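A short write-up of the structure that comes next.
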Number of protein chains: 2
Amino acid sequence: MAVTETTTAETEGDLKVALKALASDKRLKILDWLKDVKTNFPPQEHGNQVTEGACNLFIVEKLGVSQPTGSRHLKVLVDAGLVVATRRKGWTYYRRNEDALTAVAEQMRGI
Amino acid sequence: MAVTETTTAETEGDLKVALKALASDKRLKILDWLKDVKTNFPPQEHGNQVTEGACNLFIVEKLGVSQPTGSRHLKVLVDAGLVVATRRKGWTYYRRNEDALTAVAEQMRGI
DNA sequence: TGTCGACATAGCGTGTTTGCTATGTCGACA
DNA sequence: TGTCGACATAGCAAACACGCTATGTCGACA
């Protein structure tokens with residue numbers, strides 16, 4: 001099948017890393033869009049929008065940047081553990097890591 | 001008397017600005033130290049540690065950086081509205097802006 | 001095997017951050 | 001008025017972030 005899921009940081013990761021990943025307009029937008037993939041992105045014939053997330057190309061297009069730039073923003077989020085990448089067939093899907101995001105929000109209460 | 005309080009951003013400020021200010025080991029440390037000025041810093045004969053906060057020099061020394069570098073880190077926090085600076089006599093005191101910090105934490109819950 | 005579509009990586013120019021030293025400002029006090 | 005202590009600002013170099021174009025990789029399909 002060749003399905004690969006990528007998550008670098010743990011749920012209770014380094015707060016600084018998460019904050020650096022979040023301190024960007026475009027990455028905040030991506031996270032917001034991923035809250036509701038179905039309404040924020042065109043339909044995908046290939047991957048399940050709900051379980052797997054949004055296709056890389058759609059995110060890049062909506063961001064209004066070049067494909068490599070968009071991919072790098074997504075990589076920052078993945079490396080921080082805030083987003084999960086699912087690679088299948090030719091496409092890569094991205095979805096929110098809700099556990100990590102709520103963990104960060106929880107840590108922020110003790111800031 | 002010549003007492004000046006400085007707060008640039010509002011309580012419900014730009015989340016990105018707050019996150020950028022927070023995405024730094026040293027600034028996170030400062031905020032943590034300011035939670036308990038009395039135990040984290042030497043006694044001050046001049047300013048009230050509880051109501052006014054910690055003296056600039058003590059923070060700089062504890063940070064282990066030069067005085068201008070420390071001052072700039074503090075300025076970033078002040079500009080983001082997360083810390084309040086009180087200038088009196090020759091000294092400048094810094095204390096946490098709890099309202100702003102809890103506001104940021106609250107916003108993070110909707111991230 | 002060859003090509004094509006979807007990303008990922010490399011490399012580069014530019015702007016921002018972070019450290020420093022040097023210097024300016026400003027109130028207190030001799 | 002002059003000096004000193006406590007910051008703030010200016011200016012500079014190194015490191016990092018972010019945009020792009022060019023190119024590599026890799027699975028699907030002819």
Side-chain angles (χ1 to χ4, degrees), chain A residues 1-6 8 16-30 41-42 44-47 52-80 83-95, chain B residues 1-6 8 16-30 41-42 44-47 52-80 83-95:
Chain A
M1 248 319 183
V3 176
T4 316
E5 288 219 349
T6 312
T8 303
K16 192 198 79 176
V17 173
L19 290 174
K20 282 180 91 76
L22 291 170
S24 150
D25 277 332
K26 297 195 173 163
R27 292 194 288 271
L28 285 175
K29 277 185 187 175
I30 292 174
F41 297 99
Q44 300 162 181
E45 321 77 56
H46 31 87
E52 299 184 306
C55 171
N56 181 306
L57 276 190
F58 291 159
I59 300 174
V60 165
E61 187 184 357
K62 191 155 185 166
L63 261 189
V65 296
S66 69
Q67 177 262 318
T69 297
S71 278
R72 193 168 45 186
H73 278 299
L74 286 161
K75 181 171 163 46
V76 171
L77 289 170
V78 169
D79 286 349
V83 159
V84 180
T86 307
R87 193 111 216 257
R88 194 163 56 80
K89 297 186 75 171
W91 297 277
T92 306
Y93 310 101
Y94 293 93
R95 68 171 189 272
Chain B
M1 249 320 181
V3 175
T4 317
E5 289 221 347
T6 313
T8 304
K16 193 197 77 176
V17 173
L19 290 174
K20 282 180 91 75
L22 291 170
S24 151
D25 275 332
K26 299 195 172 161
R27 291 193 289 269
L28 285 175
K29 278 185 186 175
I30 292 174
F41 296 99
Q44 299 162 180
E45 323 76 58
H46 29 88
E52 299 185 305
C55 170
N56 181 306
L57 275 189
F58 291 160
I59 301 175
V60 165
E61 187 184 358
K62 192 156 186 166
L63 260 188
V65 296
S66 69
Q67 176 262 317
T69 298
S71 277
R72 193 170 41 188
H73 278 299
L74 286 160
K75 182 171 163 45
V76 171
L77 289 169
V78 169
D79 286 349
V83 159
V84 180
T86 308
R87 195 110 215 258
R88 194 163 55 81
K89 297 186 72 173
W91 298 277
T92 306
Y93 310 100
Y94 293 93
R95 67 172 190 272

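So that the names make sense, note that chain A is the first sequence line, chain B the second, and so on, each numbered from 1. Nothing here was measured: the structure is a model prediction, and the numbers come from that model.
Using a 4.0 Å heavy-atom cutoff across all strands shown, A:Tyr94 reaches sugar-phosphate atoms only and no base atom. Residue-level contact check: A:Val60 touches neither bases nor backbone, having no heavy atom under 4.0 Å from any strand. At a threshold of 4.0 angstrom between heavy atoms, the contacts of A:Ser66 include nucleobase atoms, whether or not backbone atoms are also involved.
When the P atom of C:dC7 is taken as reference, atom CG of A:Leu57 falls 4 Å away, rounded to whole Å. Taking atom CG of A:Asp25 as the reference point, atom C1' of C:dG15 lies 16 Å away to the nearest angstrom. In this structure, A:Leu74 places its CG atom 11 Å from C1' of C:dC7, rounding to the nearest Å. Taking atom CG on B:Leu22 and atom P on C:dT17, their separation rounds to 14 Å, with Å as the unit. Distance B:Arg87 CZ to C:dC26 C1': 7 Å, rounded to the nearest Å. Following rounding to the nearest Å, B:Leu77 (CG) and C:dT18 (P) show an atom-to-atom distance of 10 Å. Here the P atom of nucleotide C:dT21 and the CZ atom of B:Arg72 are 13 Å apart, to the nearest Å. Rounded to an integer number of Å, the gap from CD of A:Glu61 to C1' of C:dC7 is 15 Å.
Comparing A:Lys20 and A:Tyr93 against DNA chain C, the residue whose closest nucleotide sits nearer the 5' end is A:Tyr93.
For D:dC18, neither phosphate oxygen OP1 nor OP2 lies less than 4.0 angstrom from any side-chain nitrogen or oxygen of A:Thr69. Phosphate contact (OP1/OP2 of D:dG19, side-chain N/O of A:His73, threshold under 4.0 Å): present. Considering only side-chain N and O atoms, B:Ser24 lies nowhere under 4.0 angstrom from the phosphate OP1 or OP2 of C:dT17. Contact check, B:Lys26 against C:dG19: a side-chain N or O comes under 4.0 Å of OP1 or OP2. Residue B:Arg27 places at least one side-chain N or O under 4.0 Å from the OP1 or OP2 atom of C:dT18. In this model, the phosphate group of C:dA8 is approached by a side-chain N or O of A:Ser71 to a distance below 4.0 Å at OP1 or OP2.
Interface remark: the B:Gln67 side chain does form a donor-acceptor pair with the D:dA8 base, using a distance-only criterion of under 3.5 Å.
Under the Watson-Crick or G-U wobble criterion, with both distances below 3.5 Å, C:dG15 is paired with D:dC16. Nucleotide D:dG27 has C:dC4 as its partner under the Watson-Crick or G-U criteria, with both atom distances under 3.5 Å.
Ionic pairing of A:Glu52 and A:Arg88 is present here: one or more N-O contacts between side-chain nitrogen and carboxylate oxygen are shorter than 4.0 angstrom.
Minimum interatomic distance between A:Trp91 and A:Cys55 (heavy atoms only, all atoms of both residues): CD1-SG, 3.9 Å. The two residues B:Gly70 and B:Val60 have their closest heavy-atom pair at CA-CG2, 4.0 Å.
At most 12 heavy atoms of other shown residues, nucleotides or ligands fall within 6.0 angstrom of atom NZ in A:Lys29.
Between the side chain of B:Arg27 and the backbone N or O of B:Ala21 there is at least one donor-acceptor pair closer than 3.5 Å.
When each of B:Asp79, B:Leu63, B:Ile59 is checked for a side-chain contact (heavy atoms from CB on, under 4.5 Å) with B:Leu74, only B:Ile59 meets the rule.
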